[in-house]
Amino acid sequence: MIQQANKVFESMEVKDVVSWNAMVTGYSQAGRFEEALGLFEKMREEKIELDVVTWSAVIAGYAQKGHGYEALGVFRQMQLCGSKPNVVTLVSVLSGCASIAALLQGKETHCYAIKCVLNYDWNDPGEDLMVINGLIDMYAKCKSTNVARLMFDSVAPSDRNVVTWTVMIGGYAQHGEENDALKLFSEMLQEGNSMKPNAFTICCALMACAHLAALRFGKQIHAYILRNRYESVMLFMENCLIDMYSKSGDIHAARVVFDNMQHRNSVSWTSLLTAYGMHGYGEEAIKVLDYMRVAGFVPDGITFLVLLYVCSHSGMVDQGIRFFESMHTEYSVTPELDHYACMVDLLGRAGRFGQALEFVHSMPMEPTAIVWIALLSGCRIHGNVELGEYAAAQLQELGSENDGSYTLLSNIYANARRWRDVARVRSLMKYSGVKKRAGCSWVQGKKGTATFYVGDRSHPQFEQIYKLLADLIQRIKAIGYVPETNCALHDVDDEEKGDLLFEHSEKLALAYGILVSTPGVPIHITKNLRVCTDCHNAFTYISMIIDNEIILRDSSRFHHFKSGSCSCRGYW
DNA sequence: GTAGGGTTAG
């Protein structure tokens, strides 16, 4: 089509700016932005007087590709040329700012909008609303959700449209304010039938559920989708549903969604593979890979990344190595930094440190922090002090120590009972000003989510929780649990106020989960960091004396505790 | 006549 249009265009004797514009946007919309830019350049060479449509089209093209800096550059040129931006231009400029989190330029655009573009016509808020929506999105994506919310609130509820709601909900969902996202989504549904969420809105809400492992809420949204006729826009939402179910611990439901899809894309397949990977179902994932090939999807770099992740978390080391080799031999996919990091993770997790180091040294690019952190965490699992120190030194050299790497090193020393070194790491951490993130666990109860920090006594039922926990600890001690207090595996993750091993956030969450559990129904717990070794051990014992399966998601993977064993089989 | 906002997997 565009080819034919181009022929006609070239045969035209007189080309006005409108026909040039049509061609620029034609190429841009056909996904051939490079050629659109070529025409744009040609327009300038031939001294065609560019109008607001030309400029807006190019800015939009950059913004849609996520190239915010280029979009802003063109916007600047536009202003220098004296062309006057309008609502359409600003919407694209704001989208460009949002894509690169350019708060300063976003604010400048905000000022410009106030001075030159917004009408403040109360009888016709429609034009302004486009810009306001763009501003809300921009502020949210620049991590200024409070400012975004002020703008959202400043729009009269009856003037808001579905995008106004979506950008605010999505802004919360993407910046760790998932509870606010879900609160706002509920509010939106209460607005009556006038404000129906669309596929975009629902994806944002499902994303928030996935982060929180809010299975109950996610199921309600699923039901809402089925009740409300979204047949024509299912693909995105179904992909989100797969992710939501698997991150909420219900891998079966994730599979059912996948199986019932009318159409699937590569995201659908990758989501399912990731789901099996997180839960440690390596064999299942390999089967999915075969189906995927049969369905005509060719594995790409991302597929292989996920496959390596799957192998790493299922202890399928040799299979992982084979995948890595077949990547370029059979599929001509070049391994990139992330693939190497994943291989180091795989080998380190399995304790094959010689091979892991060989891998690091064979990398065609400089190893970055993620590679050393992968190695360091392998050393943590297997108590390899020497190599751990080496990896930590590399991290220090790169100047990219974070709270996680300090914690890993400290735990390696603690495991080796080298308390002086533990103390040294801690003071180093204080000295360098690295703040550790607070460990935090939450559990889904019937009346919503209960969140716990270490030593947390803020829950109304804290006395019952602590009593139950003490009782559980007594009972599992009787069947062989040995707390790691004597040798005090001081988990820097959680330890701040002294020796609070028995008051770790995940233990409190579990006690509360048991308190409110229904017999036979799994208890779902989520932790923002990795589960602590002693807690993992305690959970394993506790699963022997309660009827419920314990499904724990930590920052690394899922652990299913049942009858005295954990599904991770040590690969965490 | 020609330009425009918000979504998913690692």
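A note on names: the letters A, B, ... follow the listed sequences, proteins ahead of strands, and every chain is numbered from 1. Note that the coordinates shown come from a computational prediction; the quantities given were computed from them, not determined experimentally.
Under the 6.0 Å cut-off for aromatic ring centres, A/Phe40 and A/Trp55 qualify, their centroids lying closer than that. With ring centers used as reference points, A/Tyr69 lies 6.0 Å or more from A/Tyr62.
In the set B/dG5, B/dT7, B/dT2, the nucleotide with an atom closest to the side chain of A/Cys204 is B/dT7. Across B/dA3, B/dT8, B/dG6, the shortest atom-to-atom separation from the side chain of A/Thr201 is found for B/dG6. With distances taken from any side-chain atom of A/Asn198 to the nucleotides B/dA9, B/dT8, B/dG6, the minimum falls on B/dG6. Taking the side chain of A/Ala60 as heavy atoms from C-beta on, and the options B/dG5, B/dG4, B/dA9, the nearest nucleotide is B/dG4. The side chain of A/Val306 has B/dG10 as its nearest neighbour among B/dG4, B/dG1, B/dG10. The nucleotide whose nearest atom lies closest to any side-chain atom of A/Val52 is, among B/dG1, B/dA3, B/dT7, B/dA3. Residue A/Ser95 places its side chain closer to B/dG6 than to any other of B/dT2, B/dG6, B/dT8. Considering only side-chain atoms of A/Cys203, the nucleotide from B/dA3, B/dT7, B/dG6 that sits closest is B/dT7. The A/Val267 side chain lies nearest to B/dT8 when the options are B/dT2, B/dT8, B/dG10. Considering only side-chain atoms of A/Val53, the nucleotide from B/dA9, B/dA3, B/dG5 that sits closest is B/dA3.
In this structure, the CG atom of A/Leu241 is 18 Å from the P atom of B/dT7, given to the nearest Å. What separates CG of A/Leu129 from C1' of B/dG6 is a distance of 12 Å, to the nearest Å. Put simply, CE on A/Met292 is 16 Å from P on B/dA9, counting in whole angstrom units. Remark: P of B/dT7 and CG of A/Asn133 are 12 Å apart, rounded to the nearest angstrom. Atom CE of A/Met151 and atom P of B/dG6 are 16 Å apart (whole Å). Atom CZ in A/Phe236 sits roughly 11 Å away from atom C1' in B/dG6 (whole-Å rounding). Whole-Å rounding puts the A/Met130 CE to B/dA3 C1' distance at 11 Å. Between the CZ atom of A/Phe185 and the P atom of B/dG6 there is a distance of 19 Å, given to the nearest Å.
No contact: A/Val58 has no heavy atom under 4.0 Å from any strand. Counting any heavy atom pair closer than 4.0 Å across all strands shown, A/Val167 reaches sugar-phosphate atoms only and no base atom. Across all strands shown, A/Asn161 has heavy atoms under 4.0 Å from base atoms, whether or not it also approaches the sugar-phosphate. Nucleic acid contact class of A/Met237 (heavy atoms, under 4.0 Å, all strands): none. Residue A/Gln64 is in sugar-phosphate contact alone, with no base atom involved, counting any heavy-atom pair closer than 4.0 Å across all strands shown. Within the 4.0 angstrom heavy-atom criterion, no nucleotide atom of any strand lies near A/Asp338. Contact annotation for A/Val162: base contact, defined as any heavy-atom pair under 4.0 Å involving a base atom.
Put simply, A/Lys247 has a side-chain N or O that comes within less than 4.0 Å of OP1 or OP2 on B/dG10. For A/Gln29 and B/dT2, the shortest distance from a side-chain N or O to OP1 or OP2 is not below 4.0 Å. Between A/Lys141 and the phosphate of B/dT7, there is a side-chain N or O to OP1/OP2 separation shorter than 4.0 Å.
For the pair A/Ser154 (side chain) and A/Met151 (backbone), a donor-acceptor distance under 3.5 Å is present. With hydrogens and angles ignored, the 3.5 Å screen pairs no side-chain donor or acceptor of A/His339 with any backbone N or O of A/Phe324.
At a cut-off of 3.5 angstrom, the base of B/dG1 holds no donor-acceptor pair with the side chain of A/Asn21. In terms of polar N and O atoms assigned as donor or acceptor, the side chain of A/Ser271 never comes within less than 3.5 Å of the base of B/dA9 in a complementary pairing. Side-chain atoms of A/Asn86 come within donor-acceptor range of the base of B/dA3, with a qualifying N/O pair under 3.5 Å.
Geometrically, A/Arg557 does not engage A/Tyr571 in a cation-pi contact defined by less than 6.0 Å to the ring centre and at most 45° from the axis. Seen from the ring of A/Trp165, A/Arg160 counts as a face-on cation partner, given the 6.0 Å and 45° thresholds.
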### Query
Passes side chain to side chain donor-acceptor pair (under 3.5 Å), A/Arg349 versus A/Ser312? Steps please.
CA-CA 7 Å; A/Arg349 220 179 269 278; A/Ser312 180; 2.8 Å; yes
